[in-house]
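Since the structure comes first, as structure tokens, the remarks are kept for the end.
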Amino acid sequence: MNQKLISVFPNSISIQIKREDLLHPFVSGNKFRKLKYNLLQAKVENHDTILTFGGAFSNHIAAVAYAGYENGIKTFGIIRGDELFDQIDENPTLKFAQNCGMLFKFVSREDYRLKSEISFLENLKEQFGSFYLIPEGGTNELAIKGCEEILTKNDAEFDYICCAVGTGGTISGIINSVLPHQKVLGFPALKGDFLKDEIRNFVQNVNWELITDYHFGGYAKVNEELIAFINHFYTENQIPLDPVYTAKMVFGVIDMINNNYFAANSKILLIHTGGLQGVSGMNIKLKKKQLQTIAING
Ligand SMILES: *Cc1c(COP(=O)(O)O)cnc(C)c1O
């Protein structure tokens, strides 16, 4: 599923894109990889319920909700932001998850921060009974194991593997599966320096680096340049990018090519981690601000 980009870059640098977004119509990209072994484990442990966490437009929430529906597992979503409880109908992600059967508990931003504390989880067990817990963003050891399957032996020709970074699970799986001559570049979609240490907990290899210049102001923040880039990229390549993760990564890689970061003849593989379900939610926000919207029919 690698796709060549036809645009010609200087110095014979070539880019291919791995279309993980096409893995599944609803559980797209890295969320499919991250859920695979967790769903198997939930079954092994005889759980009929999965509980997880996410924000208002979370790709992970949408993915877990659909995976639960498809596998006959009940799903609970602990959603960040207690103001959202009466906005489900206006929120395409929450609406989708609800249609898949997910039940929500909306918590304040303060409470949400406590989500990994034992007392918070114990409290949830009292409310919901026993469940298989998947952390925010889906990152745990089993998720990383799933992400180790993103690269295949056909990808050995690449010098660089580039991917967007949220919690660091996906890049950890990729780092664990690259060959010694390959380097992994991660593009955090949010501000902050904590990610390096998170990733170090999960990996042994050292041939990776985080490129922190392309978060566009922080998580889910966009500007007109980024939206114009997504639309232009779609017109040129017929490949839809999501505004929260993949667009920032692809924008960054192209900018770095233009700034001569890569040596001549470098072969670069971009991982399209999906996330396209978030486009309609972003477009609602852009429309409210009377800004240009994302024009992809992905
Ligand atoms: C969740 C997500 C990421 C980030 O993955 P992590 O494993 O949390 O780093 C990247 N891209 C897309 C499209 C995502 O939905």
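Ligands are counted one by one from 1 in listed order, and the atoms in each one are counted from 1 as well.
- Remark: distances from the non-hydrogen atoms of K34 to ligand 1 include one below 4.0 Å.
- T273 OG1, 2.6 Å is the protein heavy atom nearest to atom 11 (N) of ligand 1.
- Here the two rings, on F251 and F233, have centers that are 6.0 Å apart or farther.
- Put simply, the side chain of E198 never gets that close to the backbone of F194: no donor and acceptor are under 3.5 Å apart.
- Listed for the H60 side chain is no donor-acceptor partner under 3.5 Å among the backbone atoms of G55.
- For atom 4 (C) of ligand 1, the closest non-hydrogen atom of the protein is G166 N, 3.4 Å.
- In this structure, Y66 and F26 have tilted ring planes: the angle between them lies in the 30° to 60° band.
- Looking only at protein heavy atoms, the nearest one to atom 14 (C) of ligand 1 is K31 NZ, 2.8 Å.
- Here's the thing with G169: one of its N/O atoms is less than 3.5 angstrom from an N/O atom of ligand 1.
- Ranking protein heavy atoms by distance to atom 5 (O) of ligand 1, first place goes to N30 ND2, 2.9 Å.
- Listed by number with element, the atoms of ligand 1 under 4.0 angstrom from any heavy atom of G275 are 13 (C).
- For the pair K183 and F262, the cation does not sit on the ring face, since its NZ or CZ is not both under 6.0 Å from the ring centre and inside 45° of the axis.
- A donor-acceptor contact shorter than 3.5 Å is absent between the side chain of N71 and the backbone of I73.
- By the 4.0 Å heavy-atom criterion, G168 is counted among the residues contacting ligand 1.
- Residues E90 and K288 are not paired through a salt bridge, judged by the lack of any N-O separation under 4.0 Å between the basic side chain and the carboxylate.
- The heavy atom nearest to atom 13 (C) of ligand 1, considering only G186, A164, G274, is found in G274.
- For the pair V165 and ligand 1, a heavy-atom separation below 4.0 Å is found.
- Between Y219 and Y245, the ring-plane angle classifies as perpendicular under the 30° and 60° cut-offs.
- When only non-hydrogen protein atoms are considered, atom 8 (O) of ligand 1 lies nearest to T167 OG1, 2.6 Å.
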